[in-house]
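Here is the structure we will look at, set down as structure tokens.
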Amino acid sequence: MAQKKAEERAADEPELSYEESREELNSVVRRLESGGLSLKDSLALWERGEELARVCEQWLEGARATLAAAMDERRGEGPEEGDTPF
């Protein structure tokens with residue numbers, strides 16, 4: 001059972017780290033802002049940027065959940081649905 005949950009978490013985790021995703025997203029934004037790209041290239045970069053933003057959000061949501069669980073544990077409570085430290 002524990003192995004299955006670990007495998008599910010691994011499947012849900014993005015391939016890129018938060019830092020890698022954020023840096024690539026910054027690069028995409030700089031390239032889009034610089035202009036001079038074809039519409040096709042601009043759309044492809046925009047789609048990549050959207051994907052990278054989702055990856056960053058996944059990492060941030062995971063961090064929020066981890067912090068909420070740690071705070072609940074410290075208080076001696078079980079985690080509550082939707083309970084975040086922010």
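Computed from a predicted model, the values in this text were never measured in an experiment. Numbers for residues simply follow the sequence, beginning at 1.
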I want to check something: taking the side chain as every heavy atom from C-beta on, are Glu24 and Arg48 in contact at a cut-off of under 4.5 Å?
yes
When you compare the side chain of Leu16 with that of Leu52, does any pair of heavy atoms fall below 4.5 Å?
yes
When rounded to the nearest 0.5 angstrom, what distance separates [atom1] in [X] from [atom2] in [Y]?
{"X": "Glu47", "Y": "Ser42", "atom1": "CD", "atom2": "OG", "result": "11.0 Å"}
{"X": "Glu57", "Y": "Tyr18", "atom1": "CD", "atom2": "OH", "result": "9.0 Å"}
{"X": "Leu25", "Y": "Arg30", "atom1": "CG", "atom2": "CZ", "result": "9.5 Å"}

Transitive ILVMFWY side-chain link Leu37 to Leu43, under 4.5 Å
no
Minimum heavy-atom separation for Leu45 and Val28, please, with both atom names.
O-CG1, 3.3 Å
Looking only at heavy atoms, what is the nearest atom pair of Ser38 and Asp41, with distance?
OG-N, 3.1 Å
Is Arg22 atom CZ crowded by more than 12 heavy atoms from other residues, nucleotides or ligands, each under 6.0 Å away?
yes
Does a salt bridge link Arg54 with Glu61, judged by any charged N lying under 4.0 Å from a carboxylate O?
no
